[in-house]
Amino acid sequence: MPRQETLNEESPHSQGRQELGSAVVRFAGDSGDGIQFIGSQFTQSTAMSGNDLATFPDFPAEIRAPAGTTFGVSAFQINFGADVIKTSGDDCDMIVALNPAALKVELPELKKGGFIIADTATFTERNLHKAHFDSNPLEDGTLDAYQVIEFDISKLTMEAVKDFGLNKKGALRCKNMWALGFVYWIYNRDRQPTIDWLKEKFANKADVAGANIAALNAGHALGETAEMPHDILGFSIGKANIQPGEYRTVTGAEALTWGLVTGAKLVDLKLTFCSYPITPASSILHYLSNLMEYDVVTFQAEDEIAAICSAIGASYAGTLGVTSSSGPGIALKGEAMGLAINTELPLVIINSQRAGPSTGMPTKTEQSDLFQAVFGRNADSPLVVLATRSPSDCFDVAIEAVRLATRYMTPVIVLTDGYISNAAEPWLIPDVEDYEQTPVKFRTKPEGFKPFLRDEVTLARPWAIPGTPGLEHRIGGLEKDSETGHISYDAENHQRMTNVRAAKINGIANDLPAQKVEDGAEEGQLAVVGWGSTYGPINRAVSTLREEGLDVSHIHLRHIWPLPKNLGQLLGGFKKILVPEMNNGQLVTLLRSQYLVNAQGLNKVSGQPFKIAEIETAIRERLEK
Amino acid sequence: MNVVTPPEKLTPKDFATDQEVRWCPGCGDYAILKAMQRTLPEIGVSKENIVFVSGIGCAARFPYYMDTYGFHTIHGRAPAFATGIKLANPDLDVWVVTGDGDALSIGGNHLLHVLRRNVNLQILLFNNEIYGLTKGQYSPTSRAGTRSPSTPYGSIENPVSATALALGAGARFVARSVDTMQAHLPEVFKRAHEHNGASFVEIFQNCIVYNDGVFGEFTARDVADDSQVILEHGKPLIFGKEKNLGLRVKPDLFEMEVVTIGKDGISEKDILVHDETNRGLADMLARMEPPSLPVAIGVIFCHPTPSYEDGVKGHMNEAKKHGDGKDINALLRRGHTWTITD
């Protein structure tokens, strides 16, 4: 490792570094260029340097789209700074474009005056044509409004790795590391975490590890030693004022996985996770499959229906059944959800929402399954719906879902989305000892046992699992007598059962914390009400405008159904209500129907998260009207 | 030493519920229910450890009449629910009760996969070649030309053979019986129960209302002996009123034929001997149909391999070598972490 000893030395340029409050960098290239990989490495290093951050991986549905095409561009955006970061950032300060197609696709995201780092070797006639450039944008003045830093990254990488004996293809695969090394220099990041990671990942392939590290170091070294265009001396970003404690970066899918495992432990149950592969939900299945020692059994079912049915079977037999999918798969699970509602069995259903309808845009985010979750089944079939607001929030929401499902013997849907699942943020790791344990008590006493005789407080029926002597009984999807559980076609009984199923779910509102205001006063001119992954941009927009003196508050819902008990009253304290959603107006309709309030929507369905500026503009408009 | 009181032996009555049985009078399901209630005391599993799981259809009412645990689920999906039950508690004794529409039409996919996975449970498919509960439409096992409310000109489709399909799916235990065979049914149930892995039993069941006598050509008293061959492992495939008919493979074709012992120089040693573990033979037996060949009744194939649950258990033991799974705080701190100080 020729350069390792110099890692902690001051760069000759470091005296001249310009101090920034925050920066937004977008890495982009072919889907085979390892963009997501360098994005996550940059995230790790940035988190360790004490900045706050948020990321947005944005990749195509194709696993390996034809090289050089615009639809094959994979991107990773990170917003990091010395202040609290709530979103992955609006416009970018820097774009790292590893080919012309990446430049073509990502240029609209770049601020005027922003930096472009480009690999000149890829700007060939053929690649320019594939990216729909008529001429070379590096030469024809297209980029005059920006600061272009161009190198023959391909050639520099080949030179850097020439001692490791890789073939040309293998050598060029280290290009992403060269670019990462250079961006590390620009933002004064530490390379060591990436070097350690590479050594571990390629422990059995010393040449590959060595070449990647050499490319990383070469990119960094060029920054330190070469004369930079535009007199760039690099930037430095101060440490954010972050709560002390032990941190890690976490994606939504990881936090959800760990939340499910923790939730199951807190209620003293084993976890049976049954799922069918679907983008962007599959990573939860992958993560849980590696946690069998935590009493997790995973089952890759033959289809979405079998996945939920086996999860229900697992709950029936006394473990916590969990299933997971995305919108189209959730649609297939609808009938089985009805059975779980009718037989009153605990079940957690995770929906990693994506853009639809139908197959839609599998890798793009949307939050358009709220109606499906709350209402999307035959008959009157209420259940609990929760929503996650950020990657780390997934941990607590998963625990809450497990608690409610087991305490109230009900299916619980957790709405997360593709953006939250893939995005990463630093997470102050909690101490599990701080969470309340609520162990499940199965019914064991045969005396007086009736399968549908309810707990007076929770209205939950007893959980009597096969294997318990004296409690042999039959359940099923037919309407049943309100106590004995025997089949019943009695008219009054059906009315009573329909009422009690609704009352049980509505009553859960008494067990929920009162809805808080995230930021701002508890009454006033305008409440911005959000749910799910719009949390970041809404919160940042509201906080900025409040600093300007505008009378606006942010309310963000975790509990979508039942809604918190005090929500109606809280909304009543505001003259206007704005509901930004990545759908065509679902929560806004729910709020209007529940509370008869004059809530207005702000709707975006582009497959991309809201920008802070979009929400700021909408708030100003509403306040001026 | 502890003195263990042997559990009192249960009787068929102990497995009957107080629920009024609601199948049509004369339905073949009554006979199957009776056979099951007679079999379970002999198998000797405690009532609380038995679960009957069903989908939708006439057969699917079965769990309501068994005083064990029972789960009447949704159409076609009983194998998936049963799989979940076995994943959660492999010690339970799970019986799936299904029909030809439930298992082979709406639930065809789940049947395929539960068999290929070899989940340790028993599947009883009551085949009456008709949709009974929805009032008589043709089913996937109805013979071509079946006239029904939805096929007034006769059905166009070719039927599926449940048994051949089960073998094709990789089932390791495949058997057949008939609702009226009250001595045979319990023996098949016992064999299915003994088998480690997915056991598949097709039961020809008469629907007295919508498809009465559809199996008459091989179940009617006067023809049964000459049109059924009752399989016994290690015994020659001999049948017929006079016990003089036998099966052999045609000398010039890979095809079964019926021969008469004592005629054309045929003796008992020319007759095929049943071997439950022979896949090729099982495929041929499953495909036999009257009038040219008898219907094979009994255990057609039995060749155990480790069950799905055995595999899960193995993985779980492997995983537990990495840790006992108690320390969640350690899980959350796996991989790279860093500490921010004041």
Side-chain angles (χ1 to χ4, degrees), chain A residues 44 47-48 50 193 197 242-249 258 261-262 265 270 272 274 291-295 297 299 301-303 305-306 309-319 321 335-336 339 343 429-433 465-478 486-487, chain B residues 17 19 46-54 56 60 63-64 66-89 91-92 109-110 112-113 312 315-316 318-326 328-329 331-333 335-342:
Chain A
Q44 191 71 258
M48 289 185 64
W197 193 90
I242 295 173
Q243 196 183 337
E246 191 178 3
Y247 282 80
R248 68 175 307 140
T249 56
W258 297 330
V261 173
T262 308
K265 289 277 178 204
K270 293 180 176 182
T272 310
C274 309
L291 296 178
M292 283 188 93
E293 67 268 33
Y294 286 88
D295 295 316
V297 170
F299 174 61
E302 60 270 28
D303 59 32
I305 297 172
C309 292
S310 48
I312 294 170
S315 281
Y316 170 72
T319 63
E335 185 195 9
L339 181 72
T343 53
I429 309 170
D431 184 346
V432 175
E433 304 294 324
I465 62 171
T468 317
L471 300 188
E472 295 84 3
H473 67 285
R474 276 63 56 192
I475 59 170
L478 289 167
H486 293 324
I487 301 170
Chain B
T17 61
Q19 297 296 290
S46 311
K47 279 189 350 173
E48 69 269 19
N49 290 325
I50 301 173
V51 188
F52 278 87
V53 185
S54 64
I56 295 293
Y64 289 111
M66 293 297 305
D67 193 17
T68 61
Y69 284 89
F71 200 173
H72 178 212
T73 69
I74 53 179
H75 205 5
R77 321 298 174 196
F81 288 95
T83 300
I85 291 168
K86 292 293 289 191
L87 286 171
N89 186 354
D91 296 333
L92 294 171
N109 193 33
H110 309 303
L112 157 67
H113 293 283
V312 174
H315 289 176
M316 185 61 89
E318 189 64 28
K320 291 274 184 189
K321 288 180 192 162
H322 305 312
D324 62 4
K326 290 202 167 68
I328 300 280
N329 275 332
L331 168 66
L332 303 184
R333 286 156 182 80
H336 196 82
T337 70
W338 68 95
T339 302
I340 304 274
T341 48
D342 275 319

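Each chain gets a letter, A, B and so on, in the order the sequences are listed, and its residues count up from 1.
Atom CG in B:L331 sits 5.5 Å away from atom CG in A:L291 (nearest 0.5 Å). Taking CH2 of A:W258 as the reference point, atom CD1 of B:I328 lies at 11.5 Å (rounded to 0.5 Å). One distance of note links CD1 of A:I465 with CG of B:N89; it measures 7.0 Å at 0.5 Å rounding. Distance CE/B:M316 to NZ/A:K270: 6.5 Å, rounded to 0.5 Å. Once rounded to the nearest 0.5 Å, the distance linking CZ of B:F71 with CD1 of A:I312 reads 6.5 Å. The distance from the OH atom of A:Y294 to the NZ atom of B:K320 is 10.0 Å, given to the nearest 0.5 Å.
Interface remark: A:A311 contributes no atoms to any contact with chain B (heavy atom separation under 4.5 Å). At a 4.5 Å heavy-atom cutoff, the contact between A:T249 and chain B is made by backbone and side-chain atoms alike. Heavy atoms closer than 4.5 Å to chain B are found in the side chain of A:T272, but not in its backbone. Interface remark: A:Q44 contributes side-chain atoms only to the contact with chain B (heavy atom separation under 4.5 Å).
Most heavy-atom pairs under 4.5 Å with chain A, from the set B:D67, B:L87, B:N49: that is B:D67. Chain B forms the most heavy-atom pairs under 4.5 Å with one residue out of A:V432, A:I475, A:L478, and that residue is A:I475. For chain B, the option among A:A317, A:A306, A:G467 with the highest count of heavy-atom pairs below 4.5 Å is A:G467. Comparing B:V53, B:V312, B:I50, B:I74 by heavy-atom pairs within less than 4.5 Å of chain A, the highest count is held by B:I74. Most heavy-atom pairs under 4.5 Å with chain A: of the set B:H110, B:M66, B:H322, this distinction falls to B:H110. Among A:G245, A:G477, A:G476, the residue making the largest number of heavy-atom pairs under 4.5 Å with chain B is A:G245. When the candidates A:G50, A:A301, A:A47, A:S315 are compared by the number of heavy-atom contacts under 4.5 Å with chain B, A:A47 comes out ahead. Comparing A:A314, A:S310, A:P466 by heavy-atom pairs within less than 4.5 Å of chain B, the highest count is held by A:P466. Heavy-atom pairs under 4.5 Å with chain A were tallied for B:A78, B:G70, B:A88, B:A319; the largest tally goes to B:G70. Residue with the most contacts toward chain A among B:I85, B:T17, B:V51: B:I85 (heavy-atom pairs, distance under 4.5 Å). In terms of non-hydrogen atom pairs under 4.5 Å with chain A, the most contact-rich of B:D91, B:T339, B:L332, B:T83 is B:L332. When A:T319, A:D431, A:V297 are compared by the number of non-hydrogen pairs under 4.5 Å with chain B, A:D431 comes out ahead.
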side-chain contact (heavy atoms from CB on, under 4.5 Å) between B:H113 and A:D303, worked out:
CA-CA 10 Å; B:H113 293 283; A:D303 59 32; over 6 Å; no
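No side-chain heavy atom of A:P244 sits less than 4.5 Å from a side-chain heavy atom of B:T341. Counting heavy atoms from C-beta outward, B:T73 and A:C309 have side chains that stay 4.5 Å or more apart. Using a 4.5 Å heavy-atom cutoff, the side chains of B:H336 and A:M48 are in contact. Taking the side chain as every heavy atom from C-beta outward, B:L112 and A:E302 never approach each other to under 4.5 Å. Side-chain contact between A:L339 and B:F81 is present, with at least one heavy-atom pair separated by less than 4.5 Å. Using a 4.5 Å heavy-atom cutoff, the side chains of A:I487 and B:H72 are not in contact. Counting heavy atoms from C-beta outward, A:I305 and B:R77 have side chains that approach closer than 4.5 Å.
The main-chain N or O of B:G325 is found under 3.5 Å from a side-chain atom of A:K265 such that the two form a donor-acceptor pair. A donor-acceptor pair under 3.5 Å is absent between the side-chain atoms of A:R248 and the main chain of B:G335, judged by distance alone. The main-chain N or O of A:T468 is never found under 3.5 Å from a side-chain atom of B:E48 such that the two would form a donor-acceptor pair. A:R474 contributes a side-chain N or O that, together with a main-chain N or O of B:T68, makes up a donor-acceptor pair within less than 3.5 Å.
The aromatic rings of A:Y247 and B:W338 lie parallel to each other, their planes meeting at an angle below 30°, with 60° marking the opposite boundary.
Counted within 6.0 Å of NZ on B:K326, heavy atoms from surrounding residues, nucleotides or ligands total 12 or fewer; the atom is thus considered open.
Under the 3.5 Å distance criterion, with hydrogens and angles disregarded, a donor-acceptor pair is assigned to the side chains of B:T337 and A:E246.
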